[in-house]
Chemist: 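Input: one structure, supplied below.
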Amino acid sequence: MDTKLAGKLALVSGSTAGIGHAIAAALAAEGARVIVNGRAQASVDAAVALIKAGPGGQVIGFAGDLTTARAAEEVVHRHPGIEILVNNLGIFEPKPFEQIPDDDWRRFFEVNVLSGVRLARLVLPGMRRANWGRIIFVSSESGVQIPVEMIHYGMTKSAQLSIARGLAESTPGTGVTVNSVLPGPTASEGVATFVADLAKTRGVTMAEMEREFFATARPSSLLRRFATPEEVANMVAFIASPLSAATNGAAVRVDGGVVRSMV
């Protein structure tokens, strides 16, 4: 299928590893010009080299902390005309509610929510002028089914859904769309490390830990395994493409059937 992404300029925040890296690679494989982002130059260089080794379009590195206004303004100034923005940058941390201090709530909101708000605010005017653009928030099924083990994370993912829908409402009748993509449990770098640590602590194998996780923490999953970052990236690449013009203001689930609601 020709996704018609050839030559489109895309920025994927937090794309040196995990889901973000898979999204950047998928967009590049479709011919897009992709800006790969991370905080450290070394990790950005490594991610760019890895994507360049595969098929695809031009890959550009940008090392900077996009949780800050200064870095957000810099990347947009350095690369004007961004046509696709994928707000993937985010953090998570399991922690009992009673042990989450105010500073953690602020930090999670700053990183997971405001980073995407700032970037969207910077690129949206150009998209309006061009009458074409894609803004995608990588949210989570945790924004719909708040995980008791990390309520502060779930809060930020719910906020992303609200922001994406509100922005979509501001672009009716144009070629600009704003959507959220909701991955379920995914074998990203951070999750893999978390599960491996749990398995080690409990003296079981990774496979046994995965089965226990889906039996107890996510029993509604129909997939019954962690999705791969590439499986999530495939959906994001479609939503980013001109082929998805009729999809706007949507919360598109790639959750393995974890969310039981039909809407």
Side-chain angles (χ1 to χ4, degrees), residues 5 10-28 30 32 34-39 47 51 66-67 72 75 82-93 108-121 123-124 133-147 150 152-168 177-192 226-241 244 247-256 258-259:
L5 280 167
L11 167 62
V12 184
S13 66
S15 48
T16 58
I19 291 174
H21 184 268
I23 292 169
L27 294 175
E30 293 297 323
V34 182
I35 304 165
V36 171
N37 161 251
R39 286 181 297 176
I51 296 173
L66 290 181
T67 65
V75 70
I82 291 171
E83 298 164 281
I84 298 165
L85 169 63
V86 181
N87 286 314
N88 172 74
L89 180 63
I91 55 175
F92 76 97
E93 177 189 33
F108 269 69
F109 192 82
E110 181 78 25
V111 174
N112 292 4
V113 180
L114 287 185
S115 63
V117 167
R118 291 191 190 99
L119 288 169
R121 191 167 56 214
V123 303
L124 185 57
R134 298 286 184 266
I135 298 176
I136 301 168
F137 287 81
V138 179
S139 181
S140 168
E141 54 90 10
S142 293
V144 179
Q145 298 185 155
I146 309 299
M150 44 185 179
H152 54 335
Y153 171 77
M155 172 272 297
T156 65
K157 294 298 158 177
S158 297
Q160 287 179 320
L161 298 178
S162 298
I163 293 162
R165 179 67 200 191
L167 281 178
T177 67
V178 188
N179 293 287
S180 300
V181 172
L182 283 64
T186 305
S188 61
E189 188 176 54
V191 171
F226 289 104
T228 67
E230 290 74 21
E231 288 169 330
V232 177
N234 290 337
M235 179 62 78
V236 175
F238 170 73
I239 298 298
S241 79
S244 69
T247 303
N248 195 10
V252 182
R253 300 202 304 251
V254 197
D255 67 334
V258 168
V259 178

Chemist: In Å and rounded to the nearest 0.5 Å, what is the CG to CG distance from Leu5 to Leu27?
Modeler: 6.5 Å

Chemist: Hey, what do you get for CZ (Arg118) to CG (Leu66), rounding to the nearest 0.5 Å?
Modeler: 10.0 Å

Chemist: Quick one: are Val111 and Thr156 in side-chain contact, heavy atoms under 4.5 Å?
Modeler: no

Chemist: Do Thr16 and Arg39 have side-chain heavy atoms sitting under 4.5 Å apart?
Modeler: no

Chemist: I need the Glu230 CD to Ile19 CD1 distance, nearest 0.5 Å.
Modeler: 10.0 Å

Chemist: State whether the side chain of Asn179 and the backbone N or O of Thr247 hold a donor-acceptor pair below 3.5 Å, judged by distance alone.
Modeler: yes

Chemist: So do the side chains of Ile82 and Ile35 get within less than 4.5 Å of each other, counting heavy atoms only?
Modeler: yes

Chemist: What's the separation between atom OG in Ser140 and atom CD in Gln145, rounded to the nearest 0.5 Å?
Modeler: 9.5 Å

Chemist: Can you tell if the side chain of Asn37 reaches within under 4.5 Å of the side chain of Val12, non-hydrogen atoms only?
Modeler: no

Chemist: Taking the side chain from Thr186 and the backbone from Ala227, do they hold a donor-acceptor pair closer than 3.5 Å?
Modeler: no

Chemist: Which pairs count as salt bridge (charged side-chain N to carboxylate O under 4.0 Å, His left out) when at least one residue sits in residues 133-144, sequence neighbours excluded?
Modeler: Glu141-Arg218

Chemist: Is Ser142 reaching over with its side chain to a backbone N or O of Pro147, donor-acceptor style, under 3.5 angstrom?
Modeler: no

Chemist: Between Ala164 and Val178, what is the shortest heavy-atom contact and its length?
Modeler: O-CG1, 3.5 Å

Chemist: Determine whether a donor-acceptor pair (N or O, by modelled atom type, separation under 3.5 Å) exists between the side chain of Asn248 and the backbone of Thr177.
Modeler: no

Chemist: Indicate yes or no: at least one non-hydrogen side-chain atom of Asn87 is less than 4.5 angstrom from one of Ser115.
Modeler: no

Chemist: Any idea how Phe108 and Tyr153 line up, ring-wise: parallel (<30°), tilted (30 to 60°), or perpendicular (>60°)?
Modeler: perpendicular

Chemist: Any sub-3.5 Å donor-acceptor pair from Asn112's side-chain atoms to Ile91's backbone N or O?
Modeler: yes

Chemist: Which heavy-atom pair separates Ile136 from Val181 by the least distance, and what is that distance?
Modeler: CG2-CG2, 3.9 Å

Chemist: Quick one: NE2 on His21 to CG on Asn88, what's the gap to the nearest 0.5 Å?
Modeler: 11.5 Å

Chemist: Could you check whether any side-chain heavy atom of Phe137 comes within less than 4.5 Å of a side-chain heavy atom of Leu167, counting everything from C-beta outward?
Modeler: yes

Chemist: Checking the side chain of Ser158 only, and the main-chain atoms of Gly143 only, is there a donor and an acceptor separated by less than 3.5 Å?
Modeler: yes

Chemist: Looking at side-chain heavy atoms only, is the closest gap between Phe109 and Met155 below 4.5 Å?
Modeler: yes

Chemist: About how many Å separate CD1 of Ile135 and CZ of Arg121, when rounded to the nearest 0.5 Å?
Modeler: 12.0 Å

Chemist: Which heavy-atom pair separates Val113 from Ile163 by the least distance, and what is that distance?
Modeler: CG1-CD1, 3.4 Å

Chemist: Taking C-beta and beyond as the side chain, do Ile23 and Val138 meet within less than 4.5 Å on heavy atoms?
Modeler: yes

Chemist: Looking at Val34 and Ala28, what are the two nearest heavy atoms and their distance?
Modeler: CG2-N, 3.6 Å

Chemist: If you compare all heavy atoms of Ala24 against all heavy atoms of Val36, which two are closest, and at what distance to 0.1 Å?
Modeler: CB-CG2, 4.1 Å

Chemist: Give the minimum heavy-atom separation between Val254 and Val232, together with the two atoms involved.
Modeler: CG1-CA, 4.1 Å

